[in-house]
Amino acid sequence: MPECAGRTRRDGVVDGVAVALLVLAALGSVPLAGGTGSAVVWAVTALQVVTSAAVPALRARPVAVSVLVAAVVVVGLLPSVVAPGALTDRYAAVNLWPPIALFSAVVGLRRYAPRTRAPALWVLIAVATVLAAHPWRPTWSGTPVGILHTAVPALLGLYLAARWQMVQALRDRAEQAERERVLLAEQARAQERSRLASELHDSVAHRVNLMVLQAGALRLTTPDPAVRDAAEALRLTGCQALQELGDLLGMIRRGDTGTGAVTAPPADDLPALVADSRAVGLPVVLAEDGDPGVASPIVRRTAYRIVQEALTNVHRYAPGAAVDVTVRYRTDRVEVVVRNGPAAGPAGLPDTGSGTGLLGLSRRVEALGGTLTAGPAESGGFRVNATMPSHVSSR
């Protein structure tokens, strides 16, 4: 598409210089030719001067103007063939309008219409080269000058235009690479913030859930009205904290879909985690099979997070349900199974989760090369099953 819109002051200066150079080349050739002042010379000069004014239109009509310039060059050389002697060899040697005009035409065409071949232009340049070199009567002075005034400037313009396009493409590619680098850096920072937020949510939300359940249990069992009111206030405050924590996590994770390994090392003490849930009345049975030492630390931490998230969901959606936690440590893999039965009491916690717990864990397990599935169990309740390789290096 022609680059004709939004002309700048620099474009105007370049156009003015080009027109002035072409006009001076055309008019200056008359006295430099040794006083040649025939009507043919002045007619060719006038045609060249008029055509020079059309060169700035290369931006808007690159094909038409370049073909026009080449045609004028051919017309200016025809008298040397049709009427030998009308244009002397000295005039042809000092007339610099053809090389400057052909150079400008080729550069303008390749710059402003890079995908246009314009075969008519190259045919006219070839004709001009033949007329200027007059191979039917070659001379040591006339033939080289004719080639230098026609074919050489056209080829030089083609080379320089191709080089300019290559440099421009490399510059654009470098700028695009820099933009992509900045975007990747921003994405990496967003993913890191999201992972840290998830770690914070997993750790704090579990403890606050336990606190809320303990406050609720205290409110139901204590005979002291003051203690009952304080327990209720504590429970409500904990619920509000869970809601705010979930909202904050959602704001941080908004628009982020990245995966990756955790960076903040949490605890991996499964017996202590299960004991906390038992302390608030949740019947949990933990079965660990194998040596935890065979698993990488990041795998043990991920297993801990899976059990923690599953117990939190049981507290929230199925309070009082019996829970079986099974962790098998093998030399090649670690299996985590958390299965709970139907709820045995009214919900003790509001639905304050961010909805990204199991999804985030699934992505984390996939990043380690494992799989995680979650869904209703056949006998009722819910089941979470995860399998991960035992040996994964921390990142």
Determine whether a donor-acceptor pair (N or O, by modelled atom type, separation under 3.5 Å) exists between the side chain of Gln214 and the backbone of Ala279. no

So which residues get pulled into Val107's cluster when ILVMFWY side chains under 4.5 Å apart are joined, directly or through others? Phe103, Leu156, Tyr159, Leu160

Using atom types as modelled and distance alone, determine if a side-chain donor or acceptor of Thr222 lies under 3.5 Å from a backbone N or O of Asp224. yes

Donor on one side chain, acceptor on other, Thr45 and Trp97, under 3.5 Å: no

Within the structure provided, determine whether Gln48 and Thr51 are in side-chain contact (heavy-atom separation under 4.5 Å). no

Decide, yes or no, whether a salt bridge links Arg363 with Glu366 under the criterion of side-chain N to carboxylate O below 4.0 Å. no

Report the distance from atom CG of Leu77 to atom NE2 of His134, rounding to the nearest 0.5 Å. 9.5 Å

Decide yes or no for Arg339 and Asn385: does some side-chain heavy atom of the first lie under 4.5 Å from some side-chain heavy atom of the second? no

Output the distance between atom CG (Leu311) and atom CG (Leu286), rounded to the nearest 0.5 Å. 9.5 Å

Check: Arg173/Gln176 side-chain N/O donor and acceptor closer than 3.5 Å: no

Summary of salt bridge (charged side-chain N to carboxylate O under 4.0 Å, His left out) pairs that have at least one residue in residues 152-170, sequence neighbours excluded: none

Output the distance between atom OG (Ser390) and atom CG (Leu368), rounded to the nearest 0.5 Å. 11.5 Å

Taking atom types as modelled, is there a side-chain donor on Arg305 or Gln308 under 3.5 Å from an acceptor on the other? yes

Quick one: are Arg181 and Glu178 in side-chain contact, heavy atoms under 4.5 Å? yes

Kindly indicate whether the side chain of Val19, heavy atoms from C-beta on, has any atom under 4.5 Å from the side chain of Val23. yes

For the CG atom of Leu158 and the CH2 atom of Trp122, what is their distance to the nearest 0.5 Å? 4.5 Å

Any chance you could measure His149, atom NE2, to Thr129, atom OG1, to the nearest 0.5 Å? 12.0 Å

Counting C-beta onward and ignoring hydrogens, is there a side-chain heavy-atom pair between Val325 and Leu270 closer than 4.5 Å? no

For the residue pair Leu58 and Ser104, what are the closest heavy atoms and their distance? CD1-O, 3.5 Å

Does Val63 reach the side chain of Leu109, with side-chain heavy atoms less than 4.5 Å apart? yes

Separation of Arg111 CZ from Arg59 CZ (nearest 0.5 Å): 7.0 Å

Answer whether the closest heavy-atom distance between the side chains of Glu309 and Val384 falls below 4.5 Å. no

Below 4.5 Å, heavy atoms only, C-beta onward: do Tyr91 and Ser29 meet side chain to side chain? yes

Salt bridge (charged side-chain N to carboxylate O under 4.0 Å, His left out) pairs, two or more places apart, involving residues 275-290: Arg207-Asp276, Asp289-Arg330

Do the side chains of Leu273 and Leu372 join up, straight or via other hydrophobic residues, at under 4.5 Å, putting them in one cluster? yes

